Protein chains: 2
Amino acid sequence: MAKKTDKFESDLLRGSLDLMVLAILDQEDQYGYLIQKQIREATEGKVTMGAGTMYPLLHRLEGDKLIRSRWDDSSGRKRKWYSLTAAGKKRLAQRASQWNQYAECMAQLMQGWFEPVASAKKQIRLNKKTT
Amino acid sequence: MAKKTDKFESDLLRGSLDLMVLAILDQEDQYGYLIQKQIREATEGKVTMGAGTMYPLLHRLEGDKLIRSRWDDSSGRKRKWYSLTAAGKKRLAQRASQWNQYAECMAQLMQGWFEPVASAKKQIRLNKKTT
DNA sequence: CGATAATATATCGCCATACGATACATCGAT
DNA sequence: ATCGATGTATCGTATGGCGATATATTATCG
């Protein structure tokens, strides 16, 4: 019914949004609002995380000690900055590998329905090793 | 907590199990129990769909007119065979394309954390076009 | 022949989580 | 003063995968 051609269904995002956030925080520290923006821009608006998804997720990750937060209002604005913990980095590696395997499984089952993922081939930069 | 290294978390499956089933039914008609088996074997046990997931999903797809069922007990066993409808084929194309795009988005965001998906490169068979 | 496992479908309650709505506070610009 | 953007937070709802459970039939093995 909903004719939203340019946005993914939430069930597709489920179970990988945490991975996205972890990956973004691995690059550099961010605060929630920025992460939202980053995801939106990096995916050309195809993946959007509302605040109602973002903040609970961040709290969950912090509760699991995968990320750590600190308030900073030195720039006028009060912002809660998050950074990856060691456990977070480890989890990121796990989840990235898992996602990768899952994508392979899908490829296996979706033979004939897959177009080659051009970007995935070109933009791989193995500057970090998974596990 | 759960140390299931060789099985994916259910949230990862969420939103793509229907796609799997659709893709399998596109190849040939199947009944539930068989689909379960197919998915399990095609993914080397890494993706397993319990009956409590399978049948409700099948019912949902049928309710949406994406698949059609017919009982057959000519082989001794009573089996409910499912086949794709025209709407189902269309949906499959949509969802496959969507998955593909999503995988690209992930690749975008996960730069440096992706290993090359070897199988995805080799086993692509573009015998059908998406959209 | 009786017991057990595999086949086959179905449903129920639980629970995690993505979402929209809403709230609230601050800052810059008009 | 007002308004929009920034920034964080929480609540209720809906969805759907999961384990447990039920039920029936068939095949197998002792």
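Side chains are part of it too, since the values below use all heavy atoms of this structure and drop only hydrogens, waters and symmetry mates. Fair warning: this is a prediction, and the values are worked out from it, not measured in the lab. Each chain gets a letter, A, B and so on, in the order its sequence line appears, and its residues count up from 1.
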If I take atom [atom1] in residue [X] and atom [atom2] in nucleotide [N], what distance separates them, rounded to the nearest angstrom?
X       : N      : atom1 : atom2 : value
A:Leu61 : D:dT8  : CG    : C1'   : 16 Å
B:Arg40 : D:dC18 : CZ    : P     : 13 Å
A:Met54 : D:dG7  : CE    : C1'   : 13 Å
A:Glu62 : D:dT10 : CD    : P     : 11 Å
A:Arg70 : D:dG7  : CZ    : P     : 15 Å
A:Leu12 : C:dT17 : CG    : C1'   : 15 Å
B:Asp11 : D:dG16 : CG    : C1'   : 10 Å
B:Met49 : D:dG16 : CE    : P     : 12 Å

Residue pair A:Gly50/A:Gly76 against DNA chain C: nearer the 5' end by closest nucleotide is A:Gly50
Check: B:Ile39 main-chain N/O paired with B:Thr43 side-chain donor or acceptor under 3.5 Å | yes
Can you pull out how bent the helix from C:dC1-D:dG30 to C:dT30-D:dA1 is, comparing the axes over its first five and last five pairs, to 10°?
-> 10°
Residues in salt bridge (charged side-chain N to carboxylate O under 4.0 Å, His left out) with B:Arg40, at least two apart?
-> none
A:Arg14 meets the salt bridge (charged side-chain N to carboxylate O under 4.0 Å, His left out) criterion, sequence neighbours left out, with B:Asp11
Annotated protein contacts, base or backbone, on nucleotides 3-14 of chain C with a non-hydrogen cut-off under 4.0 Å, one of B, S, - each = ----BBBBB---
Any luck finding a side-chain donor-acceptor pair between A:Tyr102 and B:Ser16 under 3.5 Å?
-> yes
Among pairs that include at least one residue of residues 28-38 of chain B, which meet side chain to side chain donor-acceptor pair (under 3.5 Å), considering only residues two or more places apart or in two chains?
-> B:Asp29-B:Arg70, B:Gln30-B:Gln38, B:Tyr31-B:Arg79
At under 4.0 Å between heavy atoms, what does A:Leu57 touch on the DNA or RNA strands: base, sugar-phosphate, or nothing?
-> nothing
For A:Arg60 and C:dA18, is the shortest distance between a side-chain N/O and OP1 or OP2 below 4.0 Å?
-> yes
Sequence neighbours excluded, the answer for side chain to side chain contact (heavy atoms under 4.5 Å, CB included) partners of B:Lys78 is B:Trp71, B:Asp73
A:Asp72: what forms a side chain to side chain donor-acceptor pair (under 3.5 Å) with it, not counting sequence neighbours?
-> A:Ser74
Under the side chain to side chain donor-acceptor pair (under 3.5 Å) rule, collect the residues that match up with B:Ser69, sequence neighbours excluded.
-> B:Glu62
Determine all donor-acceptor pairs shorter than 3.5 Å in which one atom belongs to a side chain in residues 47-61 of chain A; sequence neighbours excluded.
from, atom 1, to, atom 2, distance (Å)
A:Thr48, OG1, A:Lys7, NZ, 3.3

